[in-house]
Structures are given as structure tokens and as C-alpha cells.
Novice: 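Quick one: the structure is below, and I'll ask about it shortly.
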Amino acid sequence: HGVTADEKNREAARRMPAPENDAIIEMQDVNKWFGQFHVLKDINLAVNRKERIVVCGPSGSGKSTLIRCVNRLEEHQAGKIIVDGVELTNDIKKIEQIRREVGMVFQHFNLFPHLSVLENLTLGPIWVKKEPKADAEATAMRYLERVKIPEQAHKYPGQLSGGQQQRVAIARSLCMNPKVMLFDEPTSALDPEMIKEVLDVMIELAETGMTMVVVTHEMGFARTVADRVIFMDEGEVIEQNPPEEFFHNPQSERTKSFLSQIL
Ligand code: ADP
Ligand code: MG
């Protein structure tokens, strides 16, 4: 079966951002519970194209859950999440479509240990995007060069340092050509000397214009890269401001207290 030109046009029209709204991710009154526990409370958040957002807040405040809802690694129970014009529902087609557009980098890399670096990078493009192997490998090598480890292509993840593994994970996401990248504390499992090499890759990625949502406590990164810093506590967005304002003129007591602990 094929998709008619008419259907394609309608699909294209539907996905055009409204002129007054350039959000690639929109969360409207999003609520989520784990059993009785209310983990996300009335989250309203829009991420604009090319925007770089840093999310911070105490451990357990719901940061991971928030970004995991964006690609349906967690399911929200109330409110709307719209990614690039497509609302997240239980429709598996929509979930798959959104997952193709949203790259995710985890704290613990989540590479396939039994596959080489190159195979980790080409798996998605070959099996999900049906790219010819040679094309997928050429793309993979380009991204390995961008994260500065092309010489590691034929090694296995276990033979790499943590910083190298995380750079492989970033390259793997980029091979899927995502429209937005989510990072969940990408440097917090790394030894201090490896943090910079990963942050440098993320800074370069930001400079290419990638839309990024980064959960991190690296406030130096927030200062230099973020357009907006979001502070969460107990499942709520307490404050969101450009870094200058966020760090020098925090509004709420909870933000002040958090900043005094981490700065
Ligand atoms: P953060 O990333 O800010 O540390 P999380 O989003 O991981 O916070 O977790 C928020 C809260 O939800 C925590 O209290 C955590 O224990 C709880 N939580 C997270 N995942 C689950 C789960 N799968 N089942 C039950 N509770 C969970
Ligand atoms: Mg977390």
C-alpha cells in the first residue's frame, strides 16, 4: 500500500507549526502518578525550535520522569504532550514517529555491549530507517569524527572509557537525525576528568542549532549554553528564566536554597 500525494500534503500541512507558535515540544497541564505518588504536577512547558533548555532541581523532583514522558518511556495520565505537532497518545504509530524525532542520552550510556561502536551507531538507521548499510556506516563515521573518536569504531563499549562511551551514545542518537535531543544527567556517572570532553561535544552540538533539553547540575554548562534554565521541585516547575536571571536573581526560596547548595 502507498501513501497518496493528497495524504502527504495533508500530513505536511498538519505538521506546519502555527506562525505564533514555534514549539517543537509542548506540555500542557501534564500530570503523572506512580501509583498514589503524584510525580508531575500541572506541567506547562514549551520548548521552541533551536532552544537550549537546562532542567535542574533536587534528586527525586521529577526531572527524569519529565523528559522520559516526551518520548513515552513513561506515560502521563493527564494533560497533553505534543511533539512536532503530533500529540502523544497510545497510538503506537505516533509513538514510533515521535521516537524517531527525539534523541535521548542517558546517564548510563545504554549502549549495546555485544555490538561494536560502529554497529551501535548503525543499528537504528539500518533497522528502523531502512538505510543501506554502507550509507549508515558513512554517516556513523561522520558522527564519530564529530565526537572525536573515529578510531574507536571497531571496539566494543566495554573497551572504552566512560567519557568515550557517552560520546558514542551521543553520536548514536545523532545518526537517527533527530529534531530534538534530550539528555538525562549525561555527565553524572563520569569521572571528573571525563566530564569536560562530553560537555564540549554537547556545546558543539548546541552551536549547530540543535534543539536540546538537558537535565544536568553542570551550572557552567547552563550558564554558557542554556537559553532558559528550568528549576523543578517536588514534581512542579518552580521557576524558569534565562541563566543570567536564574542565577543572579532567583525568585523563589526553593530556588535560592537549591542554588546555595550546588554553587
Ligand atoms: P529526578 O530525575 O529529578 O531525580 P525522577 O523523575 O527520577 O526524579 O523521580 C521522581 C520521583 O518519582 C522519585 O521520588 C522517584 O522515586 C519516583 N519514581 C521514579 N520512577 C518511578 C517508578 N518507575 N515507579 C515508582 N516511582 C518512581
Ligand atoms: Mg533523574
Side-chain angles (χ1 to χ4, degrees), residues 25-47 52-81 83 88 90 95 98-99 102-111 162-163 165-166 169-170 172-173 180-192 194-195 198-199 202 211-222 225-226 228-241 243 246-247 250-263:
I25 300 171
E26 265 188 277
M27 300 182 119
Q28 300 170 359
D29 293 318
V30 170
N31 283 272
K32 171 165 183 62
W33 289 262
F34 285 120
Q36 297 288 305
F37 180 63
H38 198 175
V39 60
L40 296 179
K41 301 169 185 166
D42 290 326
I43 303 288
N44 285 287
L45 186 64
V47 179
R52 281 77 50 104
I53 289 187
V54 160
V55 181
C56 63
S59 177
S61 56
K63 306 179 299 294
S64 295
T65 306
L66 177 84
I67 64 168
R68 290 168 64 86
C69 281
V70 173
N71 58 0
R72 204 62 160 199
L73 294 177
E74 300 287 355
E75 189 179 332
H76 61 291
Q77 280 89 40
K80 276 188 184 182
I81 300 177
V83 181
L88 259 175
N90 281 327
I95 294 173
I98 284 170
R99 283 186 183 158
V102 179
M104 179 120 182
V105 173
F106 303 89
Q107 185 175 355
H108 294 289
F109 330 133
N110 297 15
L111 298 170
Q165 289 185 57
Q166 191 60 299
I170 293 171
R172 179 176 62 174
S173 272
V180 49
M181 288 279 288
L182 310 177
F183 294 82
D184 192 359
E185 302 207 34
T187 60
S188 56
L190 299 177
D191 291 333
M194 292 170 190
I195 291 177
V198 170
L199 291 179
M202 292 170 63
T211 309
M212 296 164 72
V213 180
V214 184
V215 176
T216 185
H217 290 165
E218 293 291 334
M219 292 298 130
F221 176 84
V225 173
R228 217 170 358 138
V229 182
I230 286 173
F231 174 68
M232 285 186 74
D233 194 17
E234 296 183 5
E236 290 178 283
V237 172
I238 303 293
E239 191 159 333
Q240 44 177 318
N241 263 319
F246 182 83
F247 291 112
Q251 299 299 303
S252 89
E253 286 309 315
R254 287 200 262 181
T255 313
K256 286 177 197 166
S257 152
F258 175 76
L259 287 175
S260 73
Q261 285 163 36
I262 62 157
L263 292 179

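Ligands are counted one by one from 1 in listed order, and the atoms in each one are counted from 1 as well.
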Novice: Is the shortest N/O to N/O distance between V39 and ligand 1 below 3.5 Å?
Specialist: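 No, no N or O pair falls under 3.5 Å.
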Novice: Backbone N or O of M232 within a donor-acceptor pair of the K63 side chain at under 3.5 Å?
Specialist: no
Novice: Is there a donor-acceptor pair under 3.5 Å between the side chain of Q77 and the backbone N or O of W33?
Specialist: yes
Novice: Has the side chain of H38 got a donor or acceptor atom that lies under 3.5 Å from a matching backbone atom of L40?
Specialist: yes
Novice: Could you tell me the residue and atom name of the protein heavy atom closest to atom 23 (N) of ligand 1, and the distance to it rounded to 0.1 Å?
Specialist: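 Heavy-atom neighbour on the protein nearest atom 23 (N) of ligand 1: F34 CE2, 3.5 Å.
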Novice: Determine the minimum heavy-atom distance between C56 and V229, stating which atoms define it.
Specialist: SG-CG1, 3.9 Å
Novice: Verify, without hydrogens or angle tests, whether R99 (side chain) and N71 (backbone) share a donor-acceptor contact under 3.5 angstrom.
Specialist: yes
Novice: Closer than 4.0 Å to some heavy atom of T65 - which atoms of ligand 1 meet that?
Specialist: 5 (P), 6 (O), 9 (O)
Novice: Can you find a non-hydrogen atom of G57 under 4.0 Å from ligand 1?
Specialist: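 G57: no contact with ligand 1 (<4.0 Å).
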Novice: Any N/O/S of Q107 under 2.8 Å from the Mg ion (ligand 2)?
Specialist: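 Checking Q107: none of its N, O or S atoms is under 2.8 Å.
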Novice: When you measure from the side chain of H108 to the backbone of P186, do you find a donor-acceptor pair of N or O atoms at a distance under 3.5 Å?
Specialist: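 No, H108 side chain to P186 backbone: no donor-acceptor pair under 3.5 Å.
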Novice: Just to confirm, does any protein heavy atom lie below 4.0 Å from atom 19 (C) of ligand 1?
Specialist: yes
Novice: Where the side chain of R254 meets the backbone of E239, is there a donor-acceptor pair that is under 3.5 Å apart?
Specialist: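 No; judged by distance alone, with no hydrogens or angles, the pair does not exist.
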Novice: Identify, for atom 3 (O) of ligand 1, the protein heavy atom at the shortest distance, and state residue, atom and that distance.
Specialist: K63 NZ, 2.8 Å
Novice: Got a protein heavy atom sitting under 4.0 Å from atom 16 (O) of ligand 1?
Specialist: no
Novice: Around atom 14 (O) of ligand 1, find the nearest protein heavy atom and jot down its residue, atom name and distance.
Specialist: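 Ranking protein heavy atoms by distance from atom 14 (O) of ligand 1, first comes F37 CE2, 3.6 Å.
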Novice: Considering only heavy atoms of P58, which atoms of ligand 1 have at least one such atom less than 4.0 Å away?
Specialist: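 Reading through ligand 1 atom by atom, the close ones are 3 (O).
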Novice: Ignoring hydrogens and geometry, is there a side-chain-to-backbone donor-acceptor pair from K80 to D29 under 3.5 Å?
Specialist: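 Not confirmed, K80 side chain does not pair with D29 backbone.
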Novice: Considering only heavy atoms, which of S61, S64, G235 lies nearest to atom 2 (O) of ligand 1?
Specialist: S64
Novice: Does ligand 1 have any atom that is closer than 4.0 Å to a heavy atom of G35?
Specialist: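 The answer is no, since G35 has no heavy atom less than 4.0 Å from ligand 1.
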Novice: Strictly distance-based, threshold 3.5 Å: is any side-chain N or O of S173 a donor or acceptor partner for the main-chain N or O of I170?
Specialist: no
Novice: Ignoring hydrogens, just give me the one of C69, G60, G62 whose non-hydrogen atom is nearest atom 13 (C) of ligand 1.
Specialist: G60
